[in-house]
Amino acid sequence: MAEDARLQMQDVHKRFGATWALRGVNLSVQPGEVHALVGENGAGKSTLMKVLSGAVLPDRGQIWLDGQPFVPGSPLHARQSGIAMIYQELSLAPHLSVMENILLGIEPHWGPWVLWKKMRQQAAAALAQLEIADIPLDKPVRELSVAQQQLVEIARAMAMDCRVLILDEPTSSLTQQEVPKLFALIRRLRDSGHSIIYISHFLEEVQQISDRFTVLRDGQTVGTGQTCQTSIDQIVAMMVGRQIRELYPRSHRQPGEVLLDIQGLSGPGKPQDVSLQLRRGEVLGIAGLVGAGRTELLRTIFGLAPVRAGKIRIGLWSGPAGPPQRWRQAVGYLSEDRKQEGLALSLSLADNITLPRLERLGVGFFVWPVRQAAAALPWIQKIPIQCQSPWQPVSTLSGGNQQKVALARLLHADVDVLLLDEPTRGIDVGSKAQIYQLIDELVTGNPGQGRRPKSVLMVSSSLPELLGLCDRIGVMCRGRLVEVRPAGEWTEHELMLAATGPADPHSTSVPSS
């Protein structure tokens, strides 16, 4: 055991039935350190942190906290011992005030009476420790932004004298302007002696914020080191067990006829006067800040939002239509929110994959399960999706495999136009590489096997992803498409300038023929 370690976990094992989630994991975190914990979905990160936070009891292993043996008996025990975990899905009481959430469960009281004045002082002290002065103590948490709610969770950890703070995908719901503020807070906590365990799929963020890292793969520790001395490619190689030499594949692409033609498209709020053309055999990316109208553009095209003005032409069809008509017109949509509206989580893989196209799978209103499974299995194998059978509930899959199911649905429907909204959000780098390869194959096609190239209109908040995968990139700002160029003519800096710069309300969208 390292004498100066704040936290030491050694030889931690955990098995669920026949599946080993953890097989001898080691983790060491120093005081005043941001330590990144990375790995693919299913690598064991969540299970390891649940063991540390008292939510899961390990089968074997030792934990030391500030040099003393530590056996967390429950999440409350772990919090009282100075270990706080802030999950990606925040766990606040939305109807209670900021003050009540910060001190929930540890309210100062005298007998049965809560000491409200002292409670206010303690909650204010917790926010002051984080240098936060713009969140009213009496405001209901439900009225706060996601970023502010996250700060309330961190303040609650500080109120319980947190020594080890675990942040699980803390930037996944933040805007690009909010991320630097969170990073500044993390650095202040580090400089004050706190230990931060930072879990993220965004390796650029890991490189920016962490001091050291540990990589898990298949429930084992496979690497650790100083972040500043290790490249992203080296970390990726540890995560997936192989070198990903070409993360963004680019086969020969030959743009063909126009499949999607939009002229002056406007919705009730956003988009505003957008014009673009999407050709067969190309990937057109849409960049922009959160709230710029990127998602609204895709939803309007697919018929999930009303058209106020403008024209949409898809092949031989022209005019607005609902989602059922768009499916029949060979247009498929992948939502950025796969859990709430992108998938039917309680249904099986076979149900989700075949849902838009059930013809030839039964008679009348009846669907034969054997035919349904036979239709879904080729896509499960091609992508590939890690599952036990086509009848496994989608809710039991990892995030990366859930995203592949959503993509498999579009492939089964054999759409020509794929509208992809944040297709790799919240999934690991190995699954990202597989999805990038799939997108490249779709727009390249295989004429020798009778497969014509598809076209992809893709929204992404990852600028390296857009630059690496797309043929052309357009930028949206305040609901307008302000510029479209070949991807090779953009840099990350120029994309950010176009996304944040003042949009001329009298300018017209740039057609992209």
Side-chain angles (χ1 to χ4, degrees), residues 1-10 12 25-39 45 48-49 51-54 62-70 72 75 77-87 102 122 125-133 147 150-171 174 178-200 202-216 221 223-232 235:
M1 182 186 70
E3 293 296 332
D4 59 343
R6 166 64 51 77
L7 171 71
Q8 190 85 12
M9 304 181 74
Q10 286 188 352
V12 180
V25 172
N26 299 316
L27 176 67
S28 178
V29 183
Q30 306 298 316
E33 174 184 72
V34 179
H35 195 107
L37 184 64
V38 296
K45 305 185 301 296
L48 183 66
M49 292 300 98
V51 167
L52 177 59
S53 62
Q62 298 82 40
I63 304 175
W64 288 271
L65 185 61
D66 283 328
Q68 300 298 316
F70 175 60
H77 176 222
R79 273 188 172 264
Q80 291 173 339
S81 302
I83 295 175
M85 182 164 182
I86 298 179
Y87 292 92
I102 291 176
Q122 291 180 356
L127 290 175
Q129 188 176 351
L130 302 178
E131 300 183 16
I132 299 170
Q150 193 175 66
L151 294 176
V152 171
E153 282 245 41
I154 297 175
R156 184 165 66 183
M158 295 300 104
M160 297 191 73
D161 295 325
C162 168
R163 289 179 282 171
V164 178
L165 180 65
I166 307 164
L167 299 174
D168 185 11
E169 299 287 350
T171 64
L174 302 185
E178 291 167 339
V179 172
K181 297 178 182 178
L182 174 64
F183 282 2
L185 172 58
I186 291 174
R187 293 188 180 101
R188 290 200 301 271
L189 292 173
R190 176 198 63 189
D191 294 343
S192 65
H194 292 84
S195 299
I196 316 293
I197 298 177
Y198 189 91
I199 303 173
S200 179
F202 299 107
L203 297 185
E204 295 86 357
E205 290 182 3
V206 166
Q207 204 169 46
Q208 181 181 351
I209 193 61
S210 67
D211 303 300
R212 291 196 305 132
F213 69 90
T214 293
V215 179
L216 300 187
T221 304
T224 187
Q226 299 286 334
T227 309
C228 63
Q229 299 174 2
T230 312
S231 69
I232 289 180
I235 296 176

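Note that the structure is predicted; figures quoted are calculated from it, not measured. In this chain, residues are counted from 1 in sequence order.
- Residues forming a side-chain hydrogen bond (donor to acceptor under 3.5 Å, both in side chains) with Ser210 (at least two apart in sequence, or on another chain): Thr227.
- Phe183 pairs by the ring-ring contact (aromatic ring centres under 6.0 Å, His included) definition with nothing, not counting sequence neighbours.
- In terms of heavy-atom proximity, Arg79 sits nearest to Ala84 at NH1-CB, 4.1 Å.
- Under the salt bridge (Lys or Arg N to Asp or Glu O under 4.0 Å) criterion, Arg187 pairs with no residue at all, not counting sequence neighbours.
- Residues forming a salt bridge (Lys or Arg N to Asp or Glu O under 4.0 Å) with Asp168 (at least two apart in sequence, or on another chain): none.
- Remark: Arg6 pairs with Asp66 by the salt bridge (Lys or Arg N to Asp or Glu O under 4.0 Å) rule, at least two apart or across chains.
- Among pairs with a residue in residues 28-38, those fulfilling salt bridge (Lys or Arg N to Asp or Glu O under 4.0 Å) read Glu33-Arg212, at least two apart in sequence or across chains.
- In this structure, the side-chain contact (heavy atoms from CB on, under 4.5 Å) partners of Pro72, at least two apart in sequence or on a different chain, are Ile63, Phe70, Ala78.
- Under the rule for a salt bridge (Lys or Arg N to Asp or Glu O under 4.0 Å), Glu178 has no partner lying at least two apart in sequence or in another chain.
- The two residues Ile235 and Thr230 come nearest to each other via the heavy atoms CG1-CG2, 3.8 Å.
- Side-chain contact between Ile209 and Ile186 is present, with heavy atoms from C-beta onward closer than 4.5 Å.
- In this structure Ser53 satisfies the side-chain contact (heavy atoms from CB on, under 4.5 Å) test together with Ala55, Met85, Tyr87, sequence neighbours excluded.
- Every residue meeting the side-chain contact (heavy atoms from CB on, under 4.5 Å) condition with Ala159, not counting sequence neighbours, appears here in chain and number order: Ile102, Leu103, Ile106, Ala126.
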Check: residues 193-200 side-chain donor-acceptor pairs under 3.5 Å, at least two apart:
| residue | atom | partner | partner atom | Å |
| --- | --- | --- | --- | --- |
| His194 | ND1 | Leu189 | O | 3.3 |
| His194 | ND1 | Ser192 | OG | 2.9 |
| His194 | NE2 | Cys162 | O | 3.3 |
| Ser195 | OG | Gln30 | O | 2.8 |
| Tyr198 | OH | Glu205 | OE1 | 2.9 |
| Ser200 | OG | Phe202 | N | 2.9 |

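- Contacts of Ile132 classified as side-chain contact (heavy atoms from CB on, under 4.5 Å), with partners at least two apart in sequence or in another chain: Leu127, Leu130, Asp134, Ile135, Leu151.
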